[in-house]
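First up is the structure itself, then whatever we jot down about it.
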Amino acid sequence: MTVSQHDLAHLAALIEAAQAHAGRLGPEVRAVCGLLEEALTIVRELQSNGGKADEGLRPQELTTENDE
């Protein structure tokens, strides 16, 4: 699935705004801040991959050497 860079940048900005707001609400929303940070990490990864999700290795590429 390909997503436009503009849409990803907009999503990242929304998440950052939500993080800033949640940070002002105090320690009670610490779990929300953690989830927002995870979401922002995923968006940044998508941005670095040109909007394409990393789908991992194809079945024929799987070996016991690359098990983690």
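Position 1 is the first residue of the sequence, and the numbers go up from there.
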**Asked** Are the charged groups of E16 and R44 less than 4.0 angstrom apart, N to O?
**Response** yes

**Complete:** When rounded to the nearest 0.5 Å, the distance separating CG of N49 from CG of L8 is 10.0 Å

**Fill in**
In short, A22 meets C33 closest at the heavy-atom pair CB-SG, 3.7 Å

**Complete:** Minimal heavy-atom distance between I15 and V43, with the atoms involved, is CD1-CG2, 3.9 Å

**Prompt:** Regarding E37 and Q19, is there a side-chain donor-to-acceptor distance under 3.5 Å anywhere?
**Reply:** yes

**Those residues that, when tested against L25, pass side-chain contact (heavy atoms from CB on, under 4.5 Å) (two or more places apart)** = H21, V29

**Prompt:** Once you round to the nearest 0.5 Å, how far does CD1 of I42 lie from CG of L11?
**Reply:** 10.0 Å

**Item:** Distance, nearest 0.5 Å, that separates CG of L36 from OG1 of T41
**Value:** 10.5 Å

